[in-house]
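A, B, ... follow the sequence lines: proteins, then strands. Residue 1 opens every chain. Bear in mind that the values here come from a model prediction, so they are computed numbers and not experimental data. For the numbers below, each heavy atom of this structure counts, side chains included, while hydrogens, waters and symmetry mates do not.
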Amino acid sequence: MCGRYSLVCIDDLGARFRVRVPAVGLEPRFNIAPGTDVPVVVAGGADRRMELMRWGLIPSRARDPSVGRRLINARAETLAEKPSFRALVRRRRCLIPASGFYEWAPAAGGRIPYHIRRKDGRLFAFAGLYDEWRDPAGIPVATCVIITTTPNDLLRPIHDRMPAILREADEERWLAPEALPAAVLGDVLAPCPADELEAYPVSTAVNNPENEGEGLIRRADG
DNA sequence: CCAGACGTTGTT
DNA sequence: GTCTGG
DNA sequence: CCAGACGTTGTT
DNA sequence: GTCTGG
């Protein structure tokens, strides 16, 4: 699955995703946890823009967002069938930029965190969905989820799920405000090629969401 | 018809 | 055990 | 995802 | 909102 990620090459965001980047409020993050505000790219063509959204979906239909667990992931395989996601898949797709993500592999004596990133070091985008909830005063709160899919050969030894990472060539179509046929959805959300990524163990310091810093993505010894 | 759920993950 | 907060 | 809290009453 | 269960 994907419950923690990194986004450190902030300077590349605007050019990589062809958006205007907020002048303030963005800084490199090595330990992005659910419940925090994350930069998200929405809409398509000339309307493409970046917004901050809370990671963890509050559906627009929710009456009290404090009740019920907020979803941080959505399964690619069943997106089109689930009532909660069907409408979002049609109209509210987004890109969630990242430089890497973390997965915890089971091991004797506790789980070991791994950082996974592109071999070429470039930024990439998770396939995401978002929604907008309005509080009783009418104030909108935008929230998002990261779509997950089956693991590729690199991730399979580590975990049984991985985030859906879009091919760069599919990003515009993912954002475009038009329905995507089921076959296209399946293709776009397929696990990305294993040979484009690398995975390595990191310190359990990343476990604590309050920890930050470059050390979190450094390879752990032995 | 109305009421109530709607989701994922990991763990047991 | 289960929920909330980050 | 993991970490950390989880509760009430009365008294100061 | 929309689907399922009774």
Original post:
Between the side chain of A/Y200 and the main-chain N/O of A/I217, is any donor-acceptor distance below 3.5 Å?
Top reply: yes
Subject >> Interatomic distance, A/I158 CD1 vs B/dT9 P [rounded to whole Å] >> reply: 16 Å
Original post:
Step by step, would you call A/R118 with A/E196 a salt bridge (charged side-chain N to carboxylate O under 4.0 Å, His left out)?
Top reply: CA-CA 6 Å; A/R118 289 188 56 85; A/E196 293 182 9; 3.0 Å; yes
Original post:
What distance, rounded to whole Å, do you find between the two P atoms, one in E/dC3 and one in B/dG7?
Top reply: 11 Å
Original post:
Choosing from D/dA3, C/dG6, E/dC3, which nucleotide comes nearest the side chain of A/R86?
Top reply: E/dC3
**OP:** Select base, sugar-phosphate, or nothing to describe what A/Y5 touches, counting heavy atoms under 4.0 Å on all strands.
**Re:** nothing
**OP:** With heavy atoms under 4.0 Å as the rule, sort A/A87 into base, sugar-phosphate or nothing.
**Re:** nothing
Original post:
A/I72 near the nucleic acid: base, sugar-phosphate alone, or nothing, with a heavy-atom cut-off under 4.0 Å?
Top reply: base
Original post:
At under 4.0 Å between heavy atoms, what does A/T78 touch on the DNA or RNA strands: base, sugar-phosphate, or nothing?
Top reply: sugar-phosphate
Subject >> Residue A/R111, side-chain heavy atoms: nucleotide from B/dT11, C/dG6, D/dA3 that is nearest >> reply: B/dT11
**OP:** Please work out which of the three classes, parallel, tilted or perpendicular, describes the rings of A/H115 and A/Y102, given edges at 30° and 60°.
**Re:** tilted
Subject >> OP1 or OP2 of D/dA3 under 4.0 Å from side-chain N/O of A/N208 >> reply: no
Original post:
Between C/dG6 atom P and A/R54 atom CZ, what is the distance in whole Å?
Top reply: 10 Å
Original post:
So, A/D37 and A/R29, do they make that salt bridge, N to O below 4.0 Å?
Top reply: no
Subject >> Backbone of A/V206 reached by a side-chain donor or acceptor of A/N211 within 3.5 Å >> reply: no
**OP:** Side chain of A/P83 only, please: which of B/dT9, E/dG1, D/dC1 is the nearest?
**Re:** E/dG1
Original post:
Using atom C1' of each nucleotide, how far apart are D/dG10 and B/dA5 to the nearest Å?
Top reply: 43 Å
Original post:
Given atom CZ of A/R70 and atom P of D/dC2, what is their separation to the nearest angstrom?
Top reply: 18 Å
**OP:** Find the distance A/N31:CG to D/dA3:P and express it as a whole number of Å.
**Re:** 11 Å
Original post:
Rounding to the closest angstrom, what is the interatomic distance between B/dA3 and D/dT8 at atom P?
Top reply: 31 Å
Original post:
Which value, in whole Å, describes the distance between the P atoms of nucleotides B/dC1 and D/dT9?
Top reply: 46 Å
**OP:** Looking at every strand, decide which applies to A/R61 at a 4.0 Å heavy-atom threshold: base, sugar-phosphate, or nothing.
**Re:** base
Original post:
Looking at A/T148, does any N or O in its side chain come under 4.0 Å of the phosphate oxygens OP1/OP2 on B/dT9?
Top reply: yes
**OP:** Give a yes or no on whether the ring-centroid distance for A/W55 and A/Y130 is below 6.0 angstrom.
**Re:** no
Original post:
Do A/E172 and A/R48 meet the salt-bridge criterion of a basic N to acidic O distance under 4.0 Å?
Top reply: yes
**OP:** Using a heavy-atom cut-off of under 4.0 Å over every strand shown, decide if A/D160 touches base, sugar-phosphate, or nothing.
**Re:** sugar-phosphate
Original post:
A/I217 has an atom CD1; how far is it from atom P of D/dC1, in whole Å?
Top reply: 22 Å
**OP:** In whole angstrom, give the distance that lies between atom CD of A/E212 and atom P of D/dA3.
**Re:** 16 Å
Subject >> Gap in Å between the two P atoms, one belonging to D/dC6 and one to B/dG4, rounded >> reply: 31 Å
Subject >> Steps toward side chain to side chain donor-acceptor pair (under 3.5 Å) verdict (A/R111, A/T204) >> reply: CA-CA 9 Å; A/R111 308 181 76 204; A/T204 52; over 6 Å; no
Original post:
Between which residue ranges does DNA chain B form stems of three or more consecutive Watson-Crick or G-U wobble pairs, both distances under 3.5 Å?
Top reply: B:1-6 with E:1-6
Original post:
Any side-chain N or O of A/R75 under 4.0 Å from OP1/OP2 of B/dG7?
Top reply: no
